[in-house]
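A note on names: the letters A, B, ... follow the listed sequences, proteins ahead of strands, and every chain is numbered from 1.
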Number of protein chains: 2
Amino acid sequence: MLEIPNRHEATPTFGHGSRCEACPVRQRSLFGILPADRLDGLLRQVEEAEYAVGDVIYSTGERRSSVFTLRSGYIKLLRFLPDGQQRIVRLLKPSCTFGLEALMGDSYGHSAVVLERAAVCRISTAAIDGLRRNTPALHDQLMRRWQIALEEADAWLTELSTGKAPQRFSRLLCRMVDANGLAPLFSREDLGAMLAVTPEHASRMVVDFRRNGAIVDVSPGRCRCNVTILARLAAGGE
Amino acid sequence: MLEIPNRHEATPTFGHGSRCEACPVRQRSLFGILPADRLDGLLRQVEEAEYAVGDVIYSTGERRSSVFTLRSGYIKLLRFLPDGQQRIVRLLKPSCTFGLEALMGDSYGHSAVVLERAAVCRISTAAIDGLRRNTPALHDQLMRRWQIALEEADAWLTELSTGKAPQRFSRLLCRMVDANGLAPLFSREDLGAMLAVTPEHASRMVVDFRRNGAIVDVSPGRCRCNVTILARLAAGGE
DNA sequence: CGCGTAGTTGACCATCATCAACATACGTGG
DNA sequence: CCACGTATGTTGATGATGGTCAACTACGCG
């Protein structure tokens, strides 16, 4: 079973008035649509932060008032069962927004834990609220973000909770490959928590996939995917 | 495998300017917060409809422009895998809002199919959009609806996709019991699509649960739940 | 070097899928 | 009203999938 994630208070590097103009995910971000003048005031309220692997950005039930955007790296959203078991319910990639529930004053519904060194932008809900009153475009963006999260949740449910384990694993890899055919290969424990299998079984699958050429290691924690084979497996083929 | 649901064009009974004042879920509904004068104009645009079991209210990919609220009955939201298999990703109870994606002009992300005779309110997105411009309270309500849907999706994932099948079944029943201790008992096929098991296995579980007194049939498709036993099972007990 | 963590492997067993048979309920048309 | 057909639920036998427990290996780090 997964441990309670590191509770060491994450001590990220913070920057201020961060260089949003140069941000790689700026266009795709929450505020990509705002006109420059509106943006200026807001950007001074954006804090930039770097988190290391294992850092906990926030945890379930915490009541803070920040919304986040991921600039680089990977983050997992965890949810706990009454018995302490935990399941990864979503995997965040750059340009994803998370912690939206803070906008309604709710406490966070997940724990957000860093899987791969992450650069994150933090905006206080107060800053957004001010803008929200008279910016319909921002409203639309917020709704869209929510809808994307919901899409993801549903896709996660259908693709990663249906079918046999190797099929699910293939689908996960297909979701993660970048343009170069590379995908992150997470710890067996995390893979287990995503696919609803034990770490041992996750390990066996990784070995199998390597053996039949579906994946090839290129560096620790990163592999090249043979999309042809993976697609066949994902579709239920042998 | 589940069949493609009835494509017979559902021919619900429609009413106009429906008696919203008398609606049992009015307070909990999307517009419960609106002041009476604002509400009046809107209500004339609300259509009321009754659907029979098996009716398809909308299907995946359809592009219409209505948002719905469930007044009574049960509705399942389906999502399809590439191979045609389908999984139930959410179960709607009275006062739930669905089809929110229409507000952004997106096509529906699910198929909505009636499980138990359903009374539904339909509001065109145009009607909402007009109001949306200058009603912050409605914005908040919309975000809240979205957040609730997301909550549900995550809960569905953790509770109904983790652990052994009887444990998942217990959790489903616990989610469904009303104040009288009664819960709907859906078809074995639907249960299978919710719990990610075969209809046969769902059947065996129902029989088992009846045998050891966890549930007792009170009428076709409805059972009384022994919450004590169910809670023990849901927690992983024997 | 010794230690702790993560990954791998093997043996065995529980859970669940599969396939086939049978039961039951529900409608339709004779 | 009954005979028949179809859809749905139940049951059984068998095998595949994945869980469990334990041993062992590989790697990083003090």
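- Taking atom CD of B:Q167 as the reference point, atom C1' of C:dA14 lies 14 Å away to the nearest angstrom.
- Across all strands, B:P220 comes closer than 4.0 Å to no nucleic acid atom at all (heavy-atom distances).
- Between A:R87 and B:E159 there is no salt bridge, since none of the side-chain N atoms of the basic residue sits less than 4.0 Å from a carboxylate O of the acidic one.
- Rounded to an integer number of Å, the gap from CG of B:D217 to P of C:dT24 is 16 Å.
- B:F169 has its CZ atom 13 Å from the P atom of C:dC16, to the nearest Å.
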Can you build the contact string for nucleotides 3-10 of chain C? Use B for base contact, S for sugar-phosphate-only contact, and - for no protein heavy atom under 4.0 Å.
----SBBB

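- Here A:T198 reaches the OP1 or OP2 of D:dG19: one of its side-chain N or O atoms lies under 4.0 Å away.
- In this structure, CE of B:M205 is placed 16 Å from C1' of D:dT11, rounded to the nearest angstrom.
- Residue B:N226 holds its CG atom at 11.5 Å from CG of B:L173, rounded to the nearest 0.5 Å.
- Under a 4.0 Å N-O distance rule, the pair B:R175/B:E152 qualifies as a salt bridge.
- With rounding to whole Å, B:D190 atom CG is found 14 Å from D:dG9 atom C1'.
- Between B:R211 atom CZ and D:dT11 atom C1' there is a gap of 14 Å when expressed in whole angstrom units.
- Aromatic ring pairs are classed by plane angle as parallel below 30°, tilted from 30° to 60° and perpendicular above 60°; the pair A:F98 and A:F68 is parallel.
- Taking OG of A:S111 as the reference point, atom CD1 of A:I88 lies at 11.5 Å (rounded to 0.5 Å).
- Classification of A:K93 and A:E116 as a salt-bridged pair fails, no side-chain N sitting under 4.0 Å from a carboxylate O.
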